[in-house]
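See below for the structure under consideration.
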Amino acid sequence: MNIVKLHATTSTNDELKSRFRESELPHLTTIYTMEQTRGKGQQGAIWISEKGKNLTFSILITKNIQHLTPFLVNQTVSVTIVEWLKRELQVQAKIKWPNDILSVQHKLAGILIENFFSGTKLTHAVVGIGLNVNQETFESLPRAISLKNITGREFDLESLLISFLSLLKNNLRDPLRVAQEYNRYLFRYNQMTSFKSSKGSFEGVVKGTDPDGKLLLQINDVLSSYELKELEWMY
Ligand code: BTN
């Protein structure tokens, strides 16, 4: 596996994209860093992570991606994180659609995938993952949690990364099978849940996702699909 360790960079997603623009890189090339000076979160947010304590990394996916949709890539990555946490670390986690991994209702990891197309076909994806590992306190992030907080143990970052990448490599051989497991790990699946939208608060039962990656909610016996921009989880 082609793993590059950096002392610091702006964002591992940006670093990987710029290296890939300059030269071909093998499938699953991974960059991880001890510090990001401009770590990116979803929807223009900043990803904050204490220096040297957590895994902040990006993986290049180039193989067998042409037949996948961006949401299938997202599902495969999300399911892999949760399966890996369970199998390797005995940590129970859920996927809070569409990009968060929660454990004990707190955010353990965040995913930021950047997709690249030729026409309508995906050519490659840069999968960025921030996983809270050894950080103990999260000032001004009351909903964050780390593996150390959950297990009481300290982890070696590189060993964790290698073990995660090996499961991802395997799961990417059959992403459709992996993606089928998505609902099983979906936060609040089949449960009545509160959301907020521009029209106010409402409740619905989480019924899964549609092929475009919209969230399916059943409200008064009617099934409707929602985009991320349209709602906020209340939990
Ligand atoms: C989110 O929950 O908002 C997504 C966070 C994604 C953070 C990771 S850290 C490694 C990679 N590089 C970035 O700049 N962002 C992602």
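First listed ligand is number 1; within each ligand, the first listed atom is number 1. Since this is a predicted model, take the numbers as computed values, not measurements.
- Within the 4.0 Å heavy-atom cutoff, A45 does not count among the residues contacting ligand 1.
- Less than 4.0 angstrom separates some heavy atom of I111 from each of these atoms of ligand 1: 4 (C).
- The atoms of ligand 1 that sit less than 4.0 Å from any heavy atom of S11 are 12 (N), 13 (C), 14 (O).
- The single protein non-hydrogen atom nearest to atom 3 (O) of ligand 1 is Q42 N, 2.6 Å, given as residue, atom name and distance.
- A side chain to side chain contact (heavy atoms under 4.5 Å, CB included) with N54 is found for exactly one of L157, L147, V133, namely V133.
- Here W97 and Y182 keep their ring centres 6.0 angstrom or further from each other.
- Ion pair E158/K5 not flagged as a salt bridge, since none of the NZ, NE, NH1 or NH2 atoms sits closer than 4.0 Å to an Asp/Glu carboxylate oxygen.
- Between F57 and F164, the ring-plane angle classifies as perpendicular under the 30° and 60° cut-offs.
- Between F187 and Y235, the ring center distance clears the sub-6.0 Å criterion.
- At a 3.5 angstrom cut-off on N or O pairs, N99 does not count as close to ligand 1.
- Linking ILVMFWY side-chain heavy atoms closer than 4.5 Å, directly or via other members, places L112 and I101 in two distinct hydrophobic clusters.
- Residue contacts with ligand 1 for Q43 are absent, since no atom lies close enough (heavy atoms, distance under 4.0 Å).
- Interface atoms of ligand 1 facing G41, defined by a heavy-atom separation under 4.0 Å, are 1 (C), 3 (O), 4 (C), 5 (C).
- At least one test fails for R143 against the ring of F138: distance under 6.0 Å to the centre or angle within 45° of the axis.
- For the residue pair S197/E230, the side-chain donor-acceptor check at 3.5 Å is not satisfied.
- Looking only at protein heavy atoms, the nearest one to atom 5 (C) of ligand 1 is W47 CE3, 3.3 Å.
- Per-residue contacts place D100 under 4.0 angstrom from the following atoms of ligand 1 (heavy atoms of the residue considered): 2 (O).
- Under a 4.0 angstrom heavy-atom cut-off, K107 registers as being in contact with ligand 1.
- The pair K40-D14 counts as a salt bridge, with a side-chain nitrogen and a carboxylate oxygen less than 4.0 angstrom apart.
- Below 3.5 Å of separation, one finds an N or O of K40 facing an N or O of ligand 1.
- Considering backbone and side-chain N/O of T56, none are found under 3.5 Å from N/O of ligand 1.
- In this structure, atom 9 (S) of ligand 1 lies nearest to the protein heavy atom Q36 NE2, 3.5 Å.
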